[in-house]
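Remarks on the structure that follows.
These figures come from a predicted structure and were not determined experimentally.
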Amino acid sequence: MKRKLIAAIGVAGMLFSVAACGGDDGDGGKKAGADGYAGETLTVWVMDGSSPDQWQKDLAAEFEKKTKAKVEFEVQQWNGIQQKLTTALSEENPPDVFEIGNTQTPAYAKTGGLADLADLKAEIGGEWTESLNESSVFEGKQYAAPWYFANRVVLYNKKVWADAGLKDTPRTRDEFYDALKTIGEKTDAEPIYLPGQNWYHFVGLVIGEGGELVKKDGDTYVSNLDDPKVAAAAETYKKFQALSKAPKDKDEATPQQGEVFAKGKTGAFIGMGWEAGIAIKANPDIEKEIGYFTIPGATADKPEGVFLGGSNLAVAAGGKKQDLAKEFLRIALSDTFEGALAKANGVIPNKESLQSNLKGNAPAEAAAPAAAVGGTTPLIPEWAAVENDPNPIKTYLTAVLNGKSPAEAAKQVEGEFNKRLAQQQ
């Protein structure tokens, strides 16, 4: 999943020492003989912004200490990475370990580019959060390891809420809606900025309803937008969007919703924690008014479903150093380094027990509770074409908001949706 990572809504600790985050938990470093893997160098591709330089240096030092081998990190750009990685995996010397977007993982697993990591999962993955690990599994086999994740939260203007007489943040969907209505009644602020095509939030609502965007028809995947659970999610979206002045045919980046929020006349918006940085850049004075809370679900005991964007780590099936690559993963995914990355970048780690590393990072603390009930777009290789512009799910949402029933809107986009799902991968 292409995305920006923010550590920097309060990121003074971006450069850190792993030693400050706790001692080694002992799950790394099996050696191949007295000299380990002396003389070998492991190539690891990481995406731009994913891991701090100091984290890489500390990990490289620990890796060399335990294996006698060196690691060379090569930072890649998200733009064009799919073609670059596809080419690299078909060549004689692919990267040994590489970061891969969680929703991209099934496509690479299908083509045979990823090594089976079932043994590693059995050894170190017993506590991996199930919802975070789902994207690493394809057709029942473990082809990657969950690394880090992020999801949407509610960003709200504390002053606007105070002006409306609101003292507490809501814990249920109904309480959230009532609070927004109160803002509309008691202030001149727009209760919520929710553009009609914030489709990743819609995906979260579908997940919260237990719905699926696609279904199997024989051997083919087809649209499932006519499912009652998807329709229920659309109705929830419509209910909240009715409190917004945002355009029904634009997404959250057109204009940037953080820039709208920066004007101080919006009660809340649903977005990634790093979007606060957009608001602060546009209006530094807004920083002191920004608060965060978990998107409330139907009941207080379960947050709203959210789309989990993130990255997995994988080993090249054609790589010649797979044992050494697994040594790297044992260390990189250890509590020490996984926890340190969460602390530095404000991302959700692959174990719930490591979420304590998010303490003090307000947006990350708000995001973490929903991770266990989150999910992704369908984890099938055929899905990639669906997201290309014009995204039929965006078209569906706009149709619903403009008055069509969810069933009518589903019928409107069904042909295009199915055409894309049928494209050869």
Side-chain angles (χ1 to χ4, degrees), residues 1-3 78 81-83 85-86 89-90 98-118 121 128-147 149 151 199-231 233-234 305-314 317 373-397 410 413-425:
M1 177 74 193
K2 185 187 293 187
R3 68 210 164 277
W78 282 106
I81 186 57
Q82 293 193 55
Q83 183 57 51
L85 183 56
T86 297
L89 292 178
S90 68
F98 47 92
E99 177 181 351
I100 184 172
N102 61 337
T103 60
Q104 298 168 354
T105 304
Y108 289 103
K110 181 179 181 180
T111 60
L114 311 184
D116 189 333
L117 299 182
K121 170 64 167 64
W128 289 345
T129 304
E130 183 177 354
S131 60
L132 303 181
N133 187 54
E134 284 180 355
S135 64
S136 292
V137 178
F138 180 69
E139 295 184 344
K141 293 185 178 181
Q142 188 82 31
Y143 283 108
W147 191 22
F149 302 85
N151 56 261
W199 77 283
Y200 279 121
H201 175 51
F202 171 67
V203 170
L205 296 176
V206 173
I207 292 167
E209 293 288 348
E212 298 285 350
L213 296 172
V214 301
K215 62 185 176 183
K216 259 303 188 56
D217 181 12
D219 294 330
T220 306
Y221 285 100
V222 297
S223 170
N224 195 41
L225 292 180
D226 61 355
D227 183 83
K229 293 179 180 178
V230 178
V306 291
F307 172 79
L308 295 168
S311 282
N312 302 321
L313 290 175
V373 296
T376 67
T377 48
L379 294 170
I380 56 174
E382 294 87 350
W383 179 259
V386 175
E387 296 190 19
N388 294 333
D389 289 331
N391 184 329
I393 298 179
K394 289 184 175 183
T395 304
Y396 165 85
L397 283 172
V413 303
E414 183 179 74
E416 179 63 22
F417 201 134
N418 292 344
K419 177 182 175 182
R420 295 183 183 206
L421 287 170
Q423 289 181 15
Q424 294 296 317
Q425 303 301 309

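- Taking both residues in full, the closest heavy atoms of Pro381 and Lys110 are given as CG-CD, 3.4 Å, listed atom of the first, atom of the second, then distance.
- Not counting sequence neighbours, the partners of Glu414 by the salt bridge (Lys or Arg N to Asp or Glu O under 4.0 Å) test are Lys411.
- Side-chain contact, Asn312 with Thr105: a donor N or O sits under 3.5 Å from an acceptor N or O.
- Contact check for Phe307 versus Thr377: side-chain heavy atoms found under the 4.5 Å cut-off.
- Residue Lys216 qualifies as enclosed at atom NZ: its count of foreign heavy atoms under 6.0 Å is above 12.
- Residues Ile100 and Ala314 come closest through the heavy atom pair CG2-CB, 4.4 Å.
- Rounded to the nearest 0.5 Å, atoms OG (Ser311) and CZ (Phe98) are 12.0 Å apart.
- Side-chain contact between Gln104 and Gln82 is present, with heavy atoms from C-beta onward closer than 4.5 Å.
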Inset, instruction - Could you walk me through whether Val306 and Phe149 pass the side chain to side chain contact (heavy atoms under 4.5 Å, CB included) test, one step at a time? - result: CA-CA 11 Å; Val306 291; Phe149 302 85; over 6 Å; no

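- The closest side-chain heavy-atom distance from Leu379 to Glu134 is below 4.5 Å.
- No donor-acceptor pair under 3.5 Å is formed between the side chain of Arg420 and the backbone N or O of Glu387.
- Asn102 and Thr376 are not linked by any side-chain donor-acceptor pair at a separation below 3.5 angstrom, with hydrogens and angles left out of the test.
- Side-chain atoms of Asp227 do not come within 3.5 Å of backbone N or O of Leu213 as any donor-acceptor pair.
- Lys141 places none of its side-chain heavy atoms less than 4.5 Å from the side chain of Leu114.
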Legend entry - side chain to side chain contact (heavy atoms under 4.5 Å, CB included) evaluation trace for Trp199 with Asn391: CA-CA 9 Å; Trp199 77 283; Asn391 184 329; 3.4 Å; yes

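- Atoms CD1 and CG, from Ile207 and Leu308 in turn, are 6.5 Å apart once rounded to the nearest 0.5 Å.
- Under the 3.5 Å distance criterion, with hydrogens and angles disregarded, a donor-acceptor pair is assigned to the side chains of Asn133 and Gln142.
- The minimum heavy-atom distance linking Val206 with Glu212 is given by the pair CG1-N, 4.0 Å.
- The side chain to side chain contact (heavy atoms under 4.5 Å, CB included) with Phe417 is formed by just one residue from the set Val222, Thr395, Leu225, Asn224; it is Leu225.
- For the atom pair CD of Gln423 and CG of Asn388, the computed distance is 7.5 Å after rounding to the nearest 0.5 Å.
- The two residues Leu421 and Ser223 make their nearest non-hydrogen contact at CD1-N, 3.9 Å.
- Using modelled atom types, no side-chain atom of Tyr108 and backbone atom of Tyr143 make a donor-acceptor pair closer than 3.5 Å.
- Ala145 approaches Trp128 most closely through the heavy-atom pair CB-CH2, 3.6 Å.
- Minimum heavy-atom separation, Pro146 to Ser136: N-OG, 3.5 Å.
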